[in-house]
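Each chain gets a letter, A, B and so on, in the order the sequences are listed, and its residues count up from 1. Remember, it's a predicted structure, so these values are computed and weren't measured experimentally. Atom set for the values below is all heavy atoms of this structure, side chains included, hydrogens, waters and symmetry mates excluded.
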Protein chains: 2
Amino acid sequence: MAVTIKDVAALAGVSPSTVSRTCKNNPSISEETKERVRRAMAELGYEPNFQASNLAAQISRSIGIILPPSPKETYENSFYLETIRGISHYCNAHQYISTIVTGQNEEEILNAVRSMSRSGKVNGFIVLYSRVNDPVIDFLFSEGLLYILIGKPAQYTNHTIYIDNDNLLAGQEATEYLYALGHRKIAYLGVDNSLVFSADRKTGYMTALISHGLTVQPEYCIEVPAASQNEFQELRKLLLREERPTAVLVSDDILALSLERICIEADISIPEDLSILSFNNSLFARLTSPQLTSIDINSGQLGMEAATQMISHIENPSLPATKIIVPHQLIERDSCRRI
Amino acid sequence: MAVTIKDVAALAGVSPSTVSRTCKNNPSISEETKERVRRAMAELGYEPNFQASNLAAQISRSIGIILPPSPKETYENSFYLETIRGISHYCNAHQYISTIVTGQNEEEILNAVRSMSRSGKVNGFIVLYSRVNDPVIDFLFSEGLLYILIGKPAQYTNHTIYIDNDNLLAGQEATEYLYALGHRKIAYLGVDNSLVFSADRKTGYMTALISHGLTVQPEYCIEVPAASQNEFQELRKLLLREERPTAVLVSDDILALSLERICIEADISIPEDLSILSFNNSLFARLTSPQLTSIDINSGQLGMEAATQMISHIENPSLPATKIIVPHQLIERDSCRRI
DNA sequence: CTGAAAGCGCTTACAG
DNA sequence: CTGAAAGCGCTTACAG
């Protein structure tokens, strides 16, 4: 077996209690004793047993990460892995564990969540998406479980800890950027509006238009649910209209790729005939030709902040529900032109 | 507090031992008793405490997932998240936990691995990549830790449990496919050859050429390390040569996107002037124009099989080192033409 | 400043 | 077929 607290205690000539207290740097232990214990720990390569420590302290030091229940496509978005890396990195450094909860549908997710909380596998959940009417959130909330949202809550807002970008502002700034380049006919292309981030970016877009006295035309706001990524009829129609837009704000890089493809097919060149500005600044913004101007949302930091909040709330349950906004920045490339 | 084994025992009128045995469906307990205990468990919504159960059984029921230590780019490949989902899904269903080990460099990874195994946080590691001379593998092996490789081992092959596609065969079949379409000038474009999967696909490619009496030309085999994805000089030169290839086999879809971009810039049209066949069949194979013919490698299944193997090896350490090959399939789209 | 002891919620050899 | 008891490796009130 591995080395235990007793081995260390024996070598340092103290009791197990003293070793345990030294590990948590308890101020009631004298520096000399601590030093002696630390030497013994180093010599033996001791690390406290995770399960035993957790059981005694009545904590699990584990966090569940909930992915959206959905078809394969969604996960192609590198946002998820970047966020997960942010969470994992912070957890690794703080002696916590994080585990991914995934399933084909809400039923599976719900079962996993229920089982994980009942068995004490996990002390809280980080939810990697936010959409309206989400049964997973309803369940977490109604069971009184600790959860943190990445994205803006669609419900229980005031009681929810969440980490988000200011998507409203980002949408507004993006639109302003296009406006400043001389564009007046600006369209918005987004995924499913039940996803809060896309709805927010769109609201920012509309706010900016209105503030410049432009009218928001319904035909200029197109929604493409992830499921039907093959049907872009409405979008094609828009691009072939007499009054077609000179610029499109797109809710993410992957969708922008689809838009580019349609443009190529329709012989519309970018940025000469159409400017494109998108979100996420993933690798794909750099792989297209021309490279996309895109808004970086710092996914890794979103994850890291979420983990930070989670750990403080686990260790200090009386903390109030914090809201954290992670900054975004516009990365200029070659897909927008001045007109 | 949550409901414990004692609560269930009291309600069912048995001892805690009996409840515990019922949970594991121990055959020595009579069916009638089991039934009674099960009713009590259901009534109370009991699930065994994960930490306590693990501590008593001297197991952690947790698996570490090791991501390659590297710059951001790598993770844009949806292969990783798909594989992680496969692992997680299986773990969720089998009362195991999986946690991601990540770091900026090998040093960080090694520290995390060391800490996790010493503290008993984790019973084994699944390594999501395989490259030559990997210090992480060296460490795992020399410490005698349980690990499973996704990909073909570059060392300790005979002692390693691994899950892989038959990348050699896949590379060969892909080349055969192009050959059958009439192509004779076929190039190979791959990432860093120290990554085993890419080297294997290339070997398959060469094998196929040779079997048809074609010579393998060094200028036709181009290697683009991930770090320098902006420098495609060699590739550009190849595409502009008199004797330029009519088809390129590419080690993954993301790299194929770059190739497409270069072709657009060089006014080479696909598939008229150049056929492209790539690997992974990610979403991006469908987002390009034309859509890419690509070889699906079933990443989710790779993960699932890895988790399956891991759990059986944890629960039965005397099992021999299994090797599992997950099938691939070629998905025909529009990027290859007959000449 | 330090230690002995009880307890966290299970599992499992042992006894019957 | 079932139970009492010891033990997994820690933590932490309590006592000194």
Side-chain angles (χ1 to χ4, degrees), chain A residues 1-38 40-41 44-62 95 115 117-123 314-315, chain B residues 1-38 40-41 44-62 95 115 117-123 314-315:
Chain A
M1 265 315 295
V3 16
T4 74
I5 203 170
K6 286 188 187 170
D7 302 320
V8 178
L11 182 60
V14 295
S15 74
S17 326
T18 300
V19 177
S20 174
R21 290 189 182 106
T22 301
C23 285
K24 344 204 108 46
N25 201 20
N26 186 318
S28 73
I29 305 289
S30 75
E31 266 314 316
E32 301 77 63
T33 312
K34 276 181 187 166
E35 214 24 74
R36 197 146 38 92
V37 173
R38 285 191 189 116
M41 294 199 297
L44 298 174
Y46 171 74
E47 285 209 28
N49 180 285
F50 190 63
Q51 328 276 329
S53 165
N54 289 347
L55 179 59
Q58 292 289 81
I59 194 179
S60 76
R61 275 181 251 265
S62 304
Q95 307 295 349
S115 161
S117 58
R118 281 191 181 162
S119 65
K121 271 196 200 73
V122 138
N123 272 321
I314 288 175
E315 299 187 346
Chain B
M1 265 315 294
V3 16
T4 75
I5 203 170
K6 286 187 186 171
D7 302 319
V8 178
L11 181 61
V14 296
S15 74
S17 326
T18 302
V19 177
S20 175
R21 289 189 181 105
T22 302
C23 285
K24 346 203 105 47
N25 201 19
N26 186 319
S28 73
I29 306 288
S30 74
E31 264 316 314
E32 301 78 62
T33 312
K34 276 182 189 166
E35 212 26 71
R36 198 147 34 91
V37 173
R38 285 192 189 116
M41 295 199 298
L44 299 174
Y46 171 74
E47 284 209 28
N49 179 286
F50 190 64
Q51 327 276 330
S53 164
N54 289 346
L55 178 59
Q58 292 288 79
I59 193 177
S60 76
R61 274 181 251 266
S62 305
Q95 308 294 350
S115 162
S117 59
R118 280 192 182 162
S119 65
K121 271 197 201 72
V122 138
N123 272 321
I314 288 175
E315 300 186 345

Sugar-phosphate only, base, or nothing, as touched by B/Ser28 at under 4.0 Å among non-hydrogen atoms: base
Protein-nucleotide distance (B/Ile5, atom CD1; C/dG9, atom C1'), rounded to Å: 8 Å
Spacing of A/Leu55 atom CG relative to D/dG9 atom C1', expressed in whole Å: 9 Å
Whole-Å distance separating the CZ atom of A/Phe50 from the P atom of D/dC8: 21 Å
A/Lys6 NZ - C/dA5 C1' separation (whole Å): 13 Å
Beyond-backbone contact of B/Thr22 with B/Thr33, side-chain heavy atoms, under 4.5 angstrom: no
Gap between atoms CG and P, on B/Asn26 and D/dT2 respectively (whole Å): 10 Å
A/Asp7 (side chain) donor-acceptor with A/Thr4 (main chain) under 3.5 angstrom: yes
Side-chain donor-acceptor contact under 3.5 Å, B/Lys121 with B/Ser119: yes
d(CD, A/Glu315; P, D/dT11) in whole Å: 13 Å
Any donor-acceptor N/O pair, B/Ser62 side chain to B/Ser60 backbone, under 3.5 Å: yes
C/dG9 OP1/OP2 closer than 4.0 Å to side-chain N/O of A/Gln58: yes
Touch class at under 4.0 angstrom, heavy-atom based, for A/Lys24 against every strand present: sugar-phosphate
Integer-rounded Å distance: C/dT12 P and B/Ile29 CD1: 13 Å
Sugar-phosphate, base or nothing in reach of A/Thr18, heavy atoms under 4.0 Å: sugar-phosphate
Toward the 5' end of DNA chain C, by each residue's nearest nucleotide, B/Tyr46 or B/Arg21: B/Tyr46
Who pairs with C/dG16 - Watson-Crick or G-U, where each distance is under 3.5 Å: D/dC1
Phosphate OP1/OP2 of D/dC1 contacted by B/Thr33 side-chain N/O (<4.0 Å): no
NZ on B/Lys34 to OG on B/Ser28, rounded to 0.5 Å: 7.5 Å
C/dT11 OP1/OP2 closer than 4.0 Å to side-chain N/O of B/Ser17: no
Side-chain N or O of B/Ser15 closer than 4.0 Å to phosphate OP1/OP2 of D/dG3: yes
Touch class at under 4.0 angstrom, heavy-atom based, for A/Ser30 against every strand present: sugar-phosphate
Length of the CG-P vector between A/Asn25 and D/dT11, whole Å: 14 Å
